[in-house]
Amino acid sequence: MMTKSYITTPIYYVNAAPHLGHAHTTVMCDIMTRNRKANGVDTRLSTGCDEHGQKNQESAEKLGMDVMEYLDLRSSEFKKAFDLLDVDYDYFVRTTRPFHKEQVAAMEQKFMDAGLIIEKQYTGIYCKGCEQFKTESDLNDEGRCVDHPNMDVEEIDEKNYFFPLEPFRQRLLDHIEANPDFVQPPKFLSELKNMLAEPLEDLCISRPKSRVSLGVTLPFDEDFVTYVWFDALINYLTNLGWPGNDYQDYWSEVEHVIGKDILKTHGVYWPIILMGMGETLPKRISVHGHWLGSGGVKMSKSLGNVVDPLEIVEKFGADALRYYLARHMRAENDSQISVELIQGAYNGELGNKVGNLLSRAAKFSVDRFDGKIPTKGTLTEEDEAARAIALKAAQGFAEVFALTDIPARTEALVQAADELNNYFTAQAPWKLIKDPETADRAQTVLYVTLDSLRVLLEAFRQIIPTSADKALAILAAPVEEGVWSPELDRLEEGGTFGEVVALFPRVT
RNA sequence: GGGCCUGUAGCUCAAUUGGUUAGAGCAGAGCGCUCAUAACGCUUUGGUUGGGGGUUCAAGUCCCUCCGGGCCUACCA
């Protein structure tokens with residue numbers, strides 16, 4: 001049984017404002033963290049910004065800003081966005097912080113001393129956009145990089161430092177063989193195996209300062225800074241205070257959550273760097289797909305289908321976005337998103353099912369029972385069935401789940417709320433209450449509905465914490481932080497309702 | 001060019017991994033209810049599973065091919 005856990009988001013390149021992809025990965029990590037904490041696992045979550053590299057430097061220059069001033073501004077935007085999205089992180093790293101830079105440099109010196117780094121001369125065509133050298137076939141008809149057709153490429157002849165990866169390839173393959181859970185879901189494991197099927201090229205770990213100044217200076221050659229990935233990945237360790245004494249407990253349980261675009265850096269480069277350091281390899285790399293615009297095409301400004309997370313938060317609230325991201329990402333594939341789809345899910349799933357159930361049962365109770373939680377009488381078969389449905393859906397949150405489990409488990413909660421709506425309509429307490437002989441029965445139906453909903457809401461805290469707590473406050477059912485398990489009959493009979501307001505007010 | 005994946009009702013997704021008449025939600029249509037956020041419930045319309053070919057008693061599922069999407073990668077960066 002896992003007792004500690006360490007979840008990481010990638011650290012985000014700050015050459016532009018935070019976008020949906022950043023929001024997605026980070027919110028998924030937050031959900032996994034809340035889930036583990038609720039199940040008694042001591043979990044830490046790290047996120048942050050990668051502030052080195054050529055593109056960051058150029059973004060600052062383009063705005064005519066001092067580099068540090070620019071980085072301060074950008075990283076504060078990321079931090080603000082994650083705060084707005086209710087992400088409860090333990091570490092927000094900035095790779096420009098002195099401790100991180102010192103440890104990166106120390107690690108590099110060790111690599112040099114151990115003979116793991118070599119020096120080579122290289123001539124080639126360099127694309128600043130990619131921060132990579134290109135071959136002739138990479139270029140378009142105009143001799144420009146296909147990914148950055150608006151930038152000129154440069155011919156460069158220079159010395160650089162390299163970390164040969166090939167000597168570690170077989171060890172990594174052996175590790176994967178012995179740990180088939182290393183990358184999840186399986187589709188991405190086979191992709192990783194393919195990346196390792198051919199000999200690996202040496203990883204260039206340096207960039208000359210004449211081209212890039214924003215980075216960690218190489219300890220053995222001050223004319224160079226460190227290539228961003230060779231520096232950035234180390235944040236996963238330096239966040240924990242590595243190489244201090246107490247990092248190991250969390251490090252041995254580390255899970256990296258990434259988008260499929262950076263599988264190679266995390267599945268190949270990073271484990272091999274760790275091997276070079278003599279460190280434990282990550283326990284798991286959990287990979288998710290990307291969000292596409294509706295129709296399944298990539299989001300782009302020219303198509304006008306870009307979903308801006310902050311605009312969504314402003315229009316629908318943070319929980320609407322958190323819910324959509326959690327519920328509608330398919331396990332192994334890319335998924336679609338648009339303002340219309342979010343609006344549909346918000347109104348139709350959160351509002352009409354969950355929010356409306358709370359409204360109809362709570363307002364009815366408040367009106368007829370003097371603002372008090374009704375009293376439960378003898379339960380019928382139908383009552384028990386309704387309770388069982390809620391309990392079962394909530395049970396999915398009373399165990400540690402994987403990244404790919406999130407959509408189905410979230411869906412189960414909404415479905416359970418939907419079934420409670422069914423139950424409520426079938427029992428029709430508004431009819432029962434008219435006859436004195438069945439008035440008590442109305443109270444039981446209301447209690448069962450509200451108490452079952454409370455169980456669902458407690459599970460919902462892992463997905464949409466603010467809304468769930470708001471709803472639980474209406475039910476006068478405060479929950480304690482920490483270890484949780486779903487239990488019935490925790491709603492206090494005769495307790496006083498909070499003010500009943502619409503949980504997810506309809507947005508049109 | 002190579003690798004991995006993908007295309008199923010108007011829209012977003014399922015289909016126990018080859019096995020009855022391909023399911024669900026939303027949208028549309030009809031009815032009901034009035035506790036509720038014009039919300040809820042019941043009924044219902046809608047599919048040659050991207051096109052073509054093949055294997056099989058049987059194909060959404062396997063093979064080939066064409067078309068459309070996505071990510072990675074590409075003479076030592």
Side-chain angles (χ1 to χ4, degrees), chain A residues 120-127 130-138 146 156 158 160-164 166 187-195 197-207 227 259-265 267-268 287 289-299 324 327-328 330 332-338 340-341 343-368 407-408 411 414-415 418 420-433 442 445-446 449 500-508:
Chain A
K120 285 197 286 186
Q121 192 71 22
Y122 184 71
T123 309
I125 303 161
Y126 186 84
C127 170
C130 302
E131 296 192 27
Q132 279 178 352
F133 281 90
K134 295 284 166 180
T135 62
E136 294 288 350
S137 58
D138 291 334
V146 289
I156 286 172
E158 68 189 21
N160 264 311
Y161 293 93
F162 294 79
F163 174 33
E166 178 59 17
K187 164 184 165 177
F188 294 109
L189 184 74
S190 38
E191 197 163 328
L192 177 62
K193 280 183 182 167
N194 259 304
M195 291 174 183
E198 303 281 322
L200 295 169
E201 291 156 14
D202 299 344
L203 179 67
C204 181
I205 62 147
S206 62
R207 292 290 185 271
Y227 170 51
K260 64 178 183 175
D261 54 314
I262 51 175
L263 177 58
K264 188 171 191 178
T265 50
V268 179
V287 188
H290 288 173
W291 289 104
L292 303 174
S294 78
V297 289
K298 200 177 170 177
M299 292 193 282
Y324 191 89
R327 160 70 184 85
H328 292 281
R330 296 190 285 162
E332 304 212 356
N333 298 313
D334 292 341
S335 306
Q336 299 187 26
I337 192 166
S338 67
E340 291 73 24
L341 288 169
Q343 179 164 334
Y346 173 79
N347 285 332
E349 294 165 24
L350 284 181
N352 294 352
K353 304 302 178 192
V354 182
N356 185 50
L357 179 65
L358 175 67
S359 289
R360 69 195 299 205
K363 281 192 178 170
F364 188 84
S365 303
V366 167
D367 288 350
R368 305 305 180 107
E411 182 186 16
V414 176
Q415 235 163 34
D418 197 16
L420 288 177
N421 268 314
N422 259 321
Y423 160 81
F424 195 78
T425 304
Q427 298 300 314
W430 56 91
K431 284 182 185 162
L432 295 172
I433 202 156
V445 170
L446 286 164
T449 303
V500 182
V501 292
L503 201 52
F504 306 107
R506 191 171 188 83
V507 176
T508 51

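Chain A is the first sequence line, chain B the second, and so forth, proteins listed ahead of strands; every chain is numbered from 1. The figures here come from the full heavy-atom set of this structure, side chains too, leaving out hydrogens, waters and symmetry mates.
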Practice task
Would you indicate whether the side-chain heavy atoms of A:Arg360 and A:Thr425 approach each other to under 4.5 Å?
Solution key: yes
Exercise for the section: Write down the distance between CD (A:Glu332) and P (B:U17), rounded to a whole number of angstrom. Expected result: 16 Å
Exercise for the section: Using atom NZ of A:Lys260 as one end and atom P of B:U73 as the other, report the distance to the nearest whole Å. Expected result: 13 Å
Problem - Nucleotide of B:C42, B:C40, B:G69 approaching A:Val297 most closely (side-chain heavy atoms) - result: B:G69
Practice task
Could you tell me whether B:U17 is syn or anti, where syn means a glycosidic angle within 90 degrees of zero?
Solution key: syn
Problem - B:C42 to B:C66 separation - P atoms, rounded to the nearest Å - result: 48 Å
Exercise for the section: Could you identify which residues of residues 360-368 of chain A place a heavy atom less than 4.0 Å from some atom of RNA chain B, listed by residue number, or say none? Expected result: A:Arg360, A:Lys363, A:Phe364
Problem - Phosphate contact (B:C4 OP1 or OP2) by A:Lys193 side-chain N/O below 4.0 Å - result: no
Practice task
List in chain and number order the residues that pass salt bridge (charged side-chain N to carboxylate O under 4.0 Å, His left out) with A:Glu332, two or more places apart in sequence or in another chain; answer none if no residue qualifies.
Solution key: none
Problem - Set of salt bridge (charged side-chain N to carboxylate O under 4.0 Å, His left out) partners for A:Arg368, sequence neighbours left out - result: none
Problem - Sugar-phosphate, base or nothing in reach of A:Ser359, heavy atoms under 4.0 Å - result: base
Completion exercise
Atom CG of A:Leu358 and atom P of B:C35 are separated, to the nearest Å, by 17 Å
Exercise for the section: Take the protein atom CG of A:Leu357 and the nucleotide atom C1' of B:C40, then report the distance between them rounded to whole Å. Expected result: 10 Å
Problem - Which residues share a ring pair (Phe, Tyr, Trp, His ring centres under 6.0 Å) with A:Phe364, sequence neighbours left out - result: none
Handout entry: Whole-angstrom distance between B:G30 and B:A14, as gauged at atom C1'
Key = 27 Å
Problem - Rounded distance in Å between the P positions of B:G46 and B:A24 - result: 14 Å
Fill in the blank from the handout: For A:Lys353, the side chain to side chain contact (heavy atoms under 4.5 Å, CB included) test, sequence neighbours excluded, returns A:Val414, A:Asp418, A:Asn421
Practice task
Take the protein atom CG of A:Leu503 and the nucleotide atom P of B:A36, then report the distance between them rounded to whole Å.
Solution key: 17 Å
Exercise for the section: May I ask you to say what A:Phe188 touches in the nucleic acid, namely base, sugar-phosphate or nothing, with a heavy-atom cut-off under 4.0 Å? Expected result: nothing
Exercise for the section: Tell me, please, which residues at least two apart from A:Glu201 pass side chain to side chain contact (heavy atoms under 4.5 Å, CB included). Expected result: none
Exercise for the section: Could you work out the separation of B:C4 and B:G51 based on their C1' atoms and round it to a whole Å? Expected result: 24 Å
Exercise for the section: For B:U34 and B:C40, measure between their C1' atoms and round to the nearest Å. Expected result: 9 Å
Exercise for the section: Would you mind classifying the nucleic acid contact of A:Glu191 as base, sugar-phosphate or nothing, using non-hydrogen atoms under 4.0 angstrom? Expected result: base
Problem - For A:Asp334, side chain to side chain contact (heavy atoms under 4.5 Å, CB included) partners two or more places apart - result: A:Lys260, A:His290, A:Leu292
Handout entry: A:Gln121 atom CD, over 12 foreign heavy atoms within 6.0 Å
Key = yes
Exercise for the section: Would you give a per-nucleotide map of nucleotides 24-33 of chain B, 5' to 3', where B means the base has a protein non-hydrogen atom under 4.0 Å away, S means only the sugar-phosphate does, and - means neither? Expected result: ---------S
Practice task
In whole angstrom, give the distance that lies between atom CD1 of A:Ile433 and atom C1' of B:U34.
Solution key: 14 Å
Problem - C1' gap between B:C26 and B:U20, integer Å - result: 29 Å
Problem - No-hydrogen, no-angle side-chain donor-acceptor test under 3.5 Å, A:His328 and A:Glu349 - result: yes
Exercise for the section: Figure out the CG/P separation between A:Leu420 and B:C35, and round it to whole Å. Expected result: 20 Å
Handout entry: Minimum heavy-atom distance between A:Pro429 and A:Ala442, given as atom pair plus value
Key = O-CB, 3.8 Å
Practice task
Report the C-alpha separation of A:Tyr346 and A:Phe504 in whole Å, then their side-chain angles, then the decisive distance to 0.1 Å, and conclude whether the side chain to side chain contact (heavy atoms under 4.5 Å, CB included) test is met.
Solution key: CA-CA 8 Å; A:Tyr346 173 79; A:Phe504 306 107; 3.6 Å; yes
Practice task
Look only at the side chain of A:Gln427 and the backbone of A:Val445, and say whether a donor-acceptor pair between them is shorter than 3.5 Å.
Solution key: no
Problem - Separation of the C1' atoms in B:C71 and B:U61, to the nearest angstrom - result: 24 Å
Report each atom pair, protein N/O against N/O of nucleotides 11-14 of chain B, whose distance is under 3.5 angstrom.
residue : atom : partner  : partner atom : Å
B:U12   : OP1  : A:Gly295 : N            : 3.3
B:U12   : OP1  : A:Gln336 : OE1          : 2.6
B:C13   : OP1  : A:Gln336 : N            : 3.3

Problem - Min side-chain heavy-atom separation A:Phe162-A:Tyr227 under 4.5 Å - result: no
Problem - P spacing across the pair B:U65 / B:U73, given as an integer number of angstrom - result: 26 Å
Practice task
Quick one: the dot-bracket string of RNA chain B, using Watson-Crick and G-U wobble pairs with both distances under 3.5 Å, [ ] for crossing pairs and | for bases paired to another strand.
Solution key: (((((((..((((.....[...)))).(((((.......))))).....(((((..]....))))))))))))....
Practice task
Taking side chain to side chain contact (heavy atoms under 4.5 Å, CB included) as the test, write out the residues that go with A:Ala426, two or more places apart.
Solution key: none
Exercise for the section: Taking salt bridge (charged side-chain N to carboxylate O under 4.0 Å, His left out) as the test, write out the residues that go with A:Lys120, two or more places apart. Expected result: A:Asp202
Exercise for the section: Nearest whole angstrom, please: distance from the C1' of B:G69 to the NZ of A:Lys298. Expected result: 12 Å
Problem - Rounded distance (nearest 0.5 Å) linking atom CG of A:Leu420 with atom CG of A:Leu358 - result: 11.5 Å
Handout entry: Residue closer to the 5' end of RNA chain B, A:Lys120 versus A:Asn422 (nearest nucleotide)
Key = A:Asn422
